[in-house]
Every structure is written in C-alpha cells, then in structure tokens.
**Q** 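The structure follows.
Values in this document were obtained by computation on a predicted structure and should not be read as measured data. The first residue of the sequence shown is numbered 1, and numbering continues consecutively from there.
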Amino acid sequence: MNMNVNIAGVEWKNPVTVASGTFGSGEEFSEFVDLNKLGAITTKGVADVPWTGNPTPRVAEVYGGMMNAIGLQNPGIDLFCERDIPYLQKYDTKIIVNVCGHAPEEYFRVVERLADEPIDMMEINISCPNVNAGFLAFGQDAKNVEKLTADIKKIAKQPIIMKLTPNVTDITEIAKAAEAGGADAISLINTLTGMKIDINRKTFALANKTGGVSGPIVKPVAVRMVYQAAHAVNIPIIGMGGIASAEDAIEFILAGASAVSVGTANFHNPAVTMDVIDGIEAYMKKNGFENVADMVGIVE
C-alpha cells in the first residue's frame with residue numbers, strides 16, 4: 001500500500017500537510033509532532049518586510065470554531081530564510097512556504113528571494129487585501145488571479161500553489177483563472193469572513209471588526225467548494241477547512257482533493273496530524289485502496 005502523493009511533480013510521503021498560520025513554521029510544534037511524519041510542512045505567511053499584524057483582540061471563539069484577524073504578522077523574508085528554512089531542512093518532509101503581500105510587487109520580491117532557497121513549493125495567499133484595488137482581496141477577482149498567477153510563474157523556480165478565498169460568488173471561476181495563469185496546484189478554502197459582537201461590552205469581539213472563520217463549522221462549505229473546483233480544473237487540489245479527524249480528511253479526498261491540510265484543529269490537539277495520517281492509512285487498508293490517488297474524486 002502506497003501513501004505517497006505527487007503534487008505538481010513534488011513527491012510527498014503522504015497526503016497530509018498543515019494549514020498556513022496554524023503551525024508556526026514547524027519548530028513551534030516539534031515537541032508534539034514528529035515532523036518527519038508529515039507529507040509537507042506549510043509555513044506561516046511570509047512577506048517581503050516584517051508585518052506587525054492587527055491590533056488586539058485578534059482571536060475569538062465562535063460556535064463550532066474560531067475567528068481570527070491576526071493580520072499576517074510575520075518576521076519578514078530575510079529572517080525567515082536565515083532562521084526557519086535551515087530548521088526545516090533538518091527534517092524529512094517537504095517545505096511549502098506561504099507567501100503574502102499587499103501589492104503584486106511585494107509578492108514578486110518574496111518569490112524572487114525564495115527562488116534559490118532549498119524549499120519545495122510555494123503557496124500564494126491571495127486572500128490578502130490589494131492596496132491597488134480598493135482593498136478587495138486579490139483572490140476575489142478572476143482577472144487579477146490569472147494575471148498575478150502568470151506574473152509569479154514567470155519568476156518562480158518552484159511549483160506554485162494558489163490558495164483561494166471562499167469569499168466569492170463562484171469558486172470555479174477563480175479556480176479556472178488560477179489554472180489559466182499557470183498555477184501548478186490550488187489549495188482551498190481559506191477562512192470565511194465573519195463577525196462577532198460582544199453584547200456585554202457592546203462592541204466587536206475583534207479589534208478589526210471582521211475576521212476569518214475556521215474550524216469544523218466551515219467544513220461542509222469547504223468540501224462543496226473542493227468538489228466544485230475538482231470538476232472545473234485539471235491541476236491538483238489541496239483541500240482544507242475544518243479538518244479535525246481522518247474521516248474529515250477522507251471526505252475531502254473523495255470529493256477531489258489530492259492532499260489535505262489540517263489547520264485550526266492543531267490548536268486544541270497538537271498531534272492531530274499524526275491521527276489523520278494513521279487514520280487515512282487504516283481506511284485504505286480496510287477499503288482495499290492501494291494508492292491515495294485511487295481515492296481522489298471517486299464520489300461523482
């Protein structure tokens with residue numbers, strides 16, 4: 001039985017990675033998780049310069065999950081290359097660096113800087129607000145998605161995963177735009193925009209007013225969007241959104257995801273990824289699947 005998956009020419013030992021922003025850059029979870037067991041580690045978003053993030057409070061609990069408005073706080077690409085990449089190289093796992101920016105040039109600078117670094121893939125966070133387009137997220141406009149993807153592909157040396165926002169009318173339009181721009185893979189979903197009001201303080205639960213909702217509450221939406229995207233494009237999909245168990249992960253694979261990403265669940269069960277990997281393997285044995293690829297998208 002073979003747990004390996006091939007994502008855009010990169011061979012992972014199993015189909016499980018972690019969602020950007022929920023796992024630090026790996027070191028933070030190394031006491032709880034055998035990093036060598038993960039198919040890949042996806043780092044927290046990194047920008048061309050350090051970002052301080054949003055004012056606090058930044059996190060709130062909501063029914064069935066959580067809401068965050070961290071604001072992509074990160075130390076910037078220079079420190080990241082100096083500290084985090086050498087740490088991850090010590091482990092037998094693939095390295096996916098998540099890239100964020102406020103304008104296309106900011107993405108380009110990070111992608112260029114990473115071109116000669118020993119990483120395996122890049123995931124481009126296009127849920128960031130575009131300062132050149134009235135702060136509409138890059139990923140909410142199909143033309144923007146296609147152009148940004150194409151421009152990044154011109155300078156990237158590693159395969160590019162475009163991470164899609166679910167805050168759109170038609171996810172297939174955005175998925176197709178990423179594919180048309182030359183994306184090697186797509187990942188979805190990022191968080192759904194939500195709001196919570198503290199009725200006792202009579203104000204917003206988050207200083208940012210709105211935040212990204214994640215956790216089990218978003219999973220049915222995520223599975224539906226992965227299914228739709230899988231029927232719209234021919235590039236690999238990394239599915240995520242509310243995965244908290246092997247059963248959840250398998251749902252995404254049957255819907256059309258070639259790999260899965262575990263996010264919010266890491267916060268309440270730091271070893272959840274190990275359970276997911278073991279559970280997928282047990283499911284394959286029980287159901288007679290020889291390869292993960294044999295399971296992908298079989299629910300038509």
Side-chain angles (χ1 to χ4, degrees), residues 1-46 66 74-75 80-98 117-123 158-159 161 163 185 187 214-216 219 236 238-253 257-287 289-293 295-296:
M1 197 180 66
N2 181 14
M3 289 279 284
N4 287 18
V5 293
N6 187 300
I7 307 295
V10 180
E11 196 81 15
W12 301 12
K13 66 174 70 171
N14 63 60
V16 180
T17 185
V18 289
S20 177
T22 66
F23 207 74
S25 286
E27 186 172 2
E28 295 86 338
F29 275 75
S30 58
E31 291 176 36
F32 307 102
V33 174
D34 179 0
L35 300 180
N36 295 302
K37 270 192 80 174
L38 287 167
I41 291 176
T42 306
T43 70
K44 185 166 170 41
V46 63
M66 64 178 281
N74 73 90
F80 179 83
C81 289
E82 185 186 310
R83 180 191 68 191
D84 296 339
I85 294 176
Y87 179 82
L88 288 172
Q89 276 189 282
K90 297 188 292 190
Y91 294 93
D92 177 26
T93 186
K94 299 302 175 189
I95 302 170
I96 304 172
V97 177
N98 182 282
E117 291 289 334
I119 64 165
D120 299 288
M121 310 181 88
M122 279 184 252
E123 180 181 63
Q158 298 90 349
I161 305 158
K163 184 171 186 179
S187 58
S214 62
K219 194 189 82 178
I238 301 168
M240 67 188 85
I243 296 175
S245 66
E247 290 77 12
D248 293 338
I250 292 159
E251 262 192 82
F252 278 89
I253 295 169
S258 295
V260 293
S261 213
V262 183
T264 300
N266 289 304
F267 294 134
H268 63 83
N269 176 10
V272 63
T273 46
M274 304 295 102
D275 301 339
V276 171
I277 293 164
D278 293 343
I280 293 172
E281 188 171 13
Y283 178 86
M284 288 172 68
K285 276 181 187 154
K286 184 181 171 188
N287 289 273
F289 288 110
E290 205 49 50
N291 298 289
V292 175
M295 299 159 54
V296 174

**Q** Which heavy atom of Leu35 sits nearest a heavy atom of Tyr87, and at what distance?
**A**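 Answer, listing the atom of Leu35 first, then Tyr87: CD1-CE2, 4.2 Å.
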**Q** Go through the structure and list residues passing side-chain contact (heavy atoms from CB on, under 4.5 Å) with Ala19, not counting sequence neighbours.
**A**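 With neighbours one apart ignored, the set is Thr22, Met240, Ser261.
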**Q** Trp12 and side chain to side chain contact (heavy atoms under 4.5 Å, CB included): which single residue from Asn6, Thr17, Asp120, Thr93 fits?
**A**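 By the side chain to side chain contact (heavy atoms under 4.5 Å, CB included) criterion, Trp12 pairs with just one of Asn6, Thr17, Asp120, Thr93: Thr17.
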**Q** Using a 4.5 Å cut-off on heavy atoms from C-beta on, say whether the side chain of Asp275 contacts that of Ser245.
**A**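 In short, these two side chains do not touch, never coming nearer than 4.5 Å.
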**Q** Given Asn266 and Val272, is the side-chain contact (heavy atoms from CB on, under 4.5 Å) satisfied, shown in steps?
**A** CA-CA 6 Å; Asn266 289 304; Val272 63; 3.5 Å; yes
**Q** What pairs with Thr43 under side chain to side chain donor-acceptor pair (under 3.5 Å), at least two apart in sequence or on another chain?
**A**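 So Thr43 forms no side chain to side chain donor-acceptor pair (under 3.5 Å) with any residue.
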**Q** State which residues pass side-chain contact (heavy atoms from CB on, under 4.5 Å) with Glu82; sequence neighbours excluded, sorted by chain then number.
**A**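 With neighbours one apart ignored, the set is Leu79.
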**Q** Looking just at side-chain N and O atoms, do Ser30 and Tyr91 make a donor-acceptor pair shorter than 3.5 Å?
**A**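 Judged by distance alone, the side chains do not pair up.
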**Q** Taking the side chain as every heavy atom from C-beta outward, state whether Arg83 and Pro75 have any atom pair closer than 4.5 Å.
**A**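 They are in contact (side-chain heavy atoms under 4.5 Å apart), so the answer is yes.
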**Q** Would you say that Met274 contacts Leu38 through its side chain, given a criterion of any heavy-atom pair below 4.5 Å between the two side chains?
**A**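 In short, these two side chains touch, coming nearer than 4.5 Å.
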**Q** In chain order, what residues pass the side-chain contact (heavy atoms from CB on, under 4.5 Å) check against Ala271, with sequence neighbours excluded?
**A**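 In terms of side-chain contact (heavy atoms from CB on, under 4.5 Å), with neighbours along the sequence ignored, Ala271 is linked to Asn269.
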**Q** Mind checking what makes salt bridge (charged side-chain N to carboxylate O under 4.0 Å, His left out) contact with Asp248, not counting sequence neighbours?
**A**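 Residues passing salt bridge (charged side-chain N to carboxylate O under 4.0 Å, His left out) with Asp248: Lys219.
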**Q** Using the rule given for side-chain contact (heavy atoms from CB on, under 4.5 Å), can you reason through Glu281 versus Asn14, listing the C-alpha separation, both sets of side-chain angles and the distance that settles it, and then say yes or no?
**A** CA-CA 9 Å; Glu281 188 171 13; Asn14 63 60; over 6 Å; no
**Q** Can you name the nearest heavy-atom pair linking Ala8 to Pro236, along with the distance?
**A**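 It is N-CG, 3.9 Å.
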**Q** Of all residues at least two apart in sequence or in a different chain, which pass the side chain to side chain donor-acceptor pair (under 3.5 Å) check with Ser258?
**A**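 Side chain to side chain donor-acceptor pair (under 3.5 Å) list for Ser258, sorted by chain: empty.
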**Q** The criterion is side chain to side chain donor-acceptor pair (under 3.5 Å); which residues satisfy it with Lys37, sequence neighbours excluded?
**A**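 By the side chain to side chain donor-acceptor pair (under 3.5 Å) rule, Lys37 matches Asp278.
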**Q** Please give me the minimum heavy-atom distance between Ile243 and Gly239, naming the atom from each residue.
**A**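 Smallest heavy-atom distance, with atoms named: CD1-O, 3.8 Å.
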**Q** List the atom of Ile253, the atom of Pro15, and the distance in Å for their closest heavy-atom pair.
**A**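 Minimum heavy-atom separation between Ile253 and Pro15: CD1-CG, 4.5 Å.
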**Q** Decide yes or no for Met121 and Lys94: does some side-chain heavy atom of the first lie under 4.5 Å from some side-chain heavy atom of the second?
**A**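 No, side chains not in contact.
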**Q** For residues 16-33, pull every pair meeting salt bridge (charged side-chain N to carboxylate O under 4.0 Å, His left out), keeping only residues two or more places apart or in separate chains.
**A**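 Qualifying pairs, neighbours excluded: none.
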**Q** Give a yes or no on whether the backbone of Asn4 and the side-chain of Asn2 come within a donor-acceptor separation of less than 3.5 Å.
**A**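 Checking the backbone N and O of Asn4 against the side chain of Asn2, a donor-acceptor pair under 3.5 Å is found.
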**Q** How many angstroms lie between CD1 in Ile161 and CD1 in Ile238, if you round to the nearest 0.5 Å?
**A**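 Ile161 atom CD1 to Ile238 atom CD1 measures 4.0 Å (nearest 0.5 Å).
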**Q** Within the distance-only criterion (no hydrogens, no angle test), does the side chain of Asn287 pair as donor or acceptor with the backbone N or O of Met284 below 3.5 angstrom?
**A**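 The answer is no, because no donor-acceptor pair under 3.5 Å joins these two groups.
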**Q** Can you sort out the partners of Lys13 under side chain to side chain donor-acceptor pair (under 3.5 Å), two or more places apart, ordered by chain and number?
**A**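 For Lys13, the residues satisfying side chain to side chain donor-acceptor pair (under 3.5 Å) (neighbours in sequence not counted) are Asp92.
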**Q** Working to the nearest 0.5 Å, report the span between CD of Gln158 and CD1 of Ile95.
**A**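 Here the interatomic distance stands at 10.5 Å.
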**Q** Can you sort out the partners of Phe267 under ring-ring contact (aromatic ring centres under 6.0 Å, His included), two or more places apart, ordered by chain and number?
**A**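 Here no residue qualifies.
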**Q** Can you name the ring-ring contact (aromatic ring centres under 6.0 Å, His included) partners of Phe80, sequence neighbours left out?
**A**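 With sequence neighbours excluded, Phe80 shows a ring-ring contact (aromatic ring centres under 6.0 Å, His included) to no residue whatsoever.
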**Q** Would you say that Ile280 contacts Phe289 through its side chain, given a criterion of any heavy-atom pair below 4.5 Å between the two side chains?
**A**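 Counting from C-beta outward, Ile280 and Phe289 never come under 4.5 Å.
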**Q** Write down the atom of Thr42, the atom of Glu123, and the distance for their closest heavy-atom approach.
**A**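 So the minimum-distance heavy-atom pair works out to CG2-OE1, 3.5 Å.
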**Q** If every non-hydrogen atom of Ala40 is compared with every non-hydrogen atom of Ile96, which pair is closest and at what distance?
**A**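 The answer is CB-CD1, 3.7 Å.
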**Q** Ignoring hydrogens and geometry, is there a side-chain-to-backbone donor-acceptor pair from Glu290 to Met1 under 3.5 Å?
**A**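 Yes; judged by distance alone, with no hydrogens or angles, the pair exists.
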**Q** For Phe32, check ring-ring contact (aromatic ring centres under 6.0 Å, His included) against everything at least two apart and list the hits.
**A**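 With sequence neighbours excluded, Phe32 shows a ring-ring contact (aromatic ring centres under 6.0 Å, His included) to no residue whatsoever.
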